Amino acid sequence: MVDGTGRLAGKVAIVTGAASGIGLATAHKLAAEGAAVVLGDIAEERLEAAVDSIVAAGGQAHGVRADVASEADWQRAVDTARAEFGGLDALHNNAARTSIAHLAKDTVAVDIDPEIFMATLETNLMGCALGCKHAIPAMIERGAGSIVSTSSICGRAGDASLIAYGASKGGIDAMTRYVASAYGKQGVRCNAVAPGVIMTENNQEYSGPELLARYERHTLTPRLGAPEDVANLVAFLFSDEAAFITGEIVYVDGGFLSHFPTLGDIDN
């Protein structure tokens, strides 16, 4: 069993896509708040390094190779949480197809390759659905639980490309409400976080300095987002302080979608 101090002391969490970016920042934050964390990812070397870094900082962590499109991998991740830490209280559905090579093929309606579209949905959306399928029974065993999925501003607003990615994130928003509705009375809450432009290593490489500068002009805060901004929100939603919050899509985008587009043309 898990013990210790902190806002999440005694809780056990699974984080997918945990070897880098938002997932890694979230795993570190949850461990720092006292949770025991099972990190899942397909990048096994980076996953091992991530686990080692949490343990070196005094946290409790265990890694498991997890392709979120695989039911067998999901069952193994939940079984690992039970075996290593005694159960499961929280799930961060964070893994997604975000490689630059894949995103470059995620284009528009008239020329999108169906295989690219389906691969995106399989990981981004079905991966979250399978996570809920296997995590919810374990949470009910514990008497309560909290699921947070990583959505995106792309699920709310359209763009000139990334149609499959946007559709997958819109699907996560809908699924969040359905899971919250079906399992709330059994003590399981379900929310989503919708990041704006977050300065992960992958996003910086994909967007490039010119596009990032345009994003910053349209962000109301003085800077673009950091993975830790999302991690802080996930930790709050997992905590008992958020016990009356469920079925919500919470935007962490620096106000990117909350103003008239013309504001970005004005020097502030």
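FYI, the numbering just counts along the sequence from 1. This one's a predicted model, so the numbers in the text were calculated from it and none came from an experiment.
Contact record, P222 with E216: O-OE2, 3.4 Å, taken as the closest heavy-atom pair. Looking at every heavy atom in both residues, L88 comes nearest to V12 through CD1-O, 3.6 Å. The nearest pair of heavy atoms linking C190 to T176 is O-CG2, 3.5 Å. Among all heavy-atom pairs drawn from P227 and I198, the shortest one is N-CG2, 3.5 Å. Smallest separation of non-hydrogen atoms from S168 and L125: O-CD1, 3.9 Å. Of all heavy-atom pairs between W74 and G127, the closest is NE1-O, 3.3 Å.
Here the SG atom belonging to C132 is positioned 6.5 Å from the CG atom belonging to L91, to the nearest 0.5 angstrom. Annotation: the span from Y251 atom OH to L257 atom CG amounts to 6.5 Å, rounded to 0.5 Å. Rounded to the nearest 0.5 Å, atoms OH (Y206) and CD1 (I100) are 8.5 Å apart. Taking NZ of K133 as the reference point, atom SG of C128 lies at 15.0 Å (rounded to 0.5 Å). Between atom CD of residue E248 and atom CZ of residue R177 there is a gap of 8.0 Å, rounded to the nearest 0.5 Å. Note: R46 CZ to L39 CG = 13.0 Å, rounded to the nearest 0.5 Å.
Each of M175 and Y165 belongs to its own hydrophobic cluster when Ile, Leu, Val, Met, Phe, Trp and Tyr are linked at side-chain heavy-atom distances under 4.5 angstrom. Note: the hydrophobic cluster containing V15 also contains L233 (ILVMFWY, side chain heavy atoms under 4.5 Å, direct or indirect links). I14 and I140 end up in the same hydrophobic cluster when Ile, Leu, Val, Met, Phe, Trp and Tyr side chains are linked at under 4.5 Å. Side-chain heavy atoms closer than 4.5 Å link hydrophobic residues (I, L, V, M, F, W, Y) into clusters, and following such links, possibly through other members, connects V148 to F236. Under the 4.5 Å side-chain heavy-atom criterion for ILVMFWY residues, a single connected hydrophobic cluster contains both V250 and L30.
Defined by atom type and a distance below 3.5 Å, a donor-acceptor pair is present between the side-chain atoms of H28 and S53. Side-chain atoms of T16 and N94 form no donor-acceptor pair, as typed in the model, at a separation below 3.5 Å. Side chains of D79 and Q75: a donor-acceptor N/O pair is present below 3.5 angstrom, by distance only.
The backbone N or O of I245 sits less than 3.5 Å from a side-chain atom of N191, completing a donor-acceptor pair. A donor-acceptor pair under 3.5 Å is absent between the side-chain atoms of D173 and the main chain of I249, judged by distance alone. Between the side chain of K11 and the main chain of V37, no donor-acceptor pair closer than 3.5 Å is present. Listed for the R189 side chain is a donor-acceptor partner under 3.5 Å among the backbone atoms of L237. Side-chain atoms of S149 never come within 3.5 Å of backbone atoms of V193 as a donor-acceptor pair (strictly under, hydrogens ignored). In this structure, the side chain of N124 engages the main chain of R97 through a donor-acceptor pair within 3.5 Å. With hydrogens and angles disregarded, a donor-acceptor distance shorter than 3.5 Å links the side chain of D41 to the backbone of A18. Listed for the T123 side chain is no donor-acceptor partner under 3.5 Å among the backbone atoms of T120. Side-chain atoms of D106 come within 3.5 Å of backbone N or O of I163 as a donor-acceptor pair. Formation of a donor-acceptor pair under 3.5 Å by the D229 side chain with backbone atoms of A226 is found in this model.
For L212, the CG atom counts as densely surrounded, since its 6.0 Å shell holds more than 12 non-hydrogen atoms of other residues, nucleotides or ligands. A 6.0 Å sphere centred on CE of M126 holds no more than 12 heavy atoms belonging to other residues, nucleotides or ligands. Counting heavy atoms of neighbouring residues, nucleotides and ligands inside a 6.0 Å radius, atom OH of Y183 does not exceed 12 of them. Atom CZ of R214 is surrounded by 12 or fewer heavy atoms from other residues, nucleotides or ligands within 6.0 Å.
Side-chain contact between D240 and L8 is absent, with no heavy atoms from C-beta onward closer than 4.5 Å. Contact annotation: the side chain of I116 approaches that of H102 to within less than 4.5 Å [non-hydrogen atoms, C-beta and beyond]. Looking at F85 and Q60, their side chains come closer than 4.5 Å, going by heavy atoms from C-beta outward. Counting only heavy atoms from C-beta outward, the side chains of R156 and K169 never approach each other to under 4.5 Å. Between I112 and V108, the closest side-chain pair of non-hydrogen atoms is not below 4.5 Å. The shortest side-chain heavy-atom distance between R76 and V64 falls under the 4.5 Å cut-off. By the 4.5 Å heavy-atom criterion applied to side chains, R217 and D265 are not counted as neighbours. Considering only heavy atoms from C-beta on, Q204 stays 4.5 Å or farther from T200 through its side chain.
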Exercise. Should D253 and V197 be marked as a side-chain contact (heavy atoms from CB on, under 4.5 Å) after you check the CA-CA gap, both sets of side-chain angles, and the distance that decides it?
Worked result: CA-CA 7 Å; D253 68 348; V197 183; over 6 Å; no
Problem set entry | Evaluation steps, side-chain contact (heavy atoms from CB on, under 4.5 Å), between I136 and Q186 | CA-CA 10 Å; I136 289 169; Q186 293 171 272; over 6 Å; no
For this session: Show your reasoning for whether salt bridge (charged side-chain N to carboxylate O under 4.0 Å, His left out) applies to R7 and E241.
Result: CA-CA 9 Å; R7 180 167 57 169; E241 296 168 11; 3.3 Å; yes
Problem set entry | I147 and N93: CA distance, side-chain angles, deciding distance, side-chain contact (heavy atoms from CB on, under 4.5 Å) verdict | CA-CA 7 Å; I147 298 169; N93 276 319; 3.9 Å; yes
Problem set entry | side-chain contact (heavy atoms from CB on, under 4.5 Å) between E228 and K29, worked out | CA-CA 8 Å; E228 290 75 16; K29 176 65 176 178; over 6 Å; no
Exercise. Please walk me through it: do R65 and D73 pass salt bridge (charged side-chain N to carboxylate O under 4.0 Å, His left out)?
Worked result: CA-CA 7 Å; R65 188 189 186 283; D73 282 10; 3.8 Å; yes
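Using the six-membered ring where Trp is involved, H259 and H218 have ring planes that are parallel, under 30° apart on the 30 and 60° scheme.
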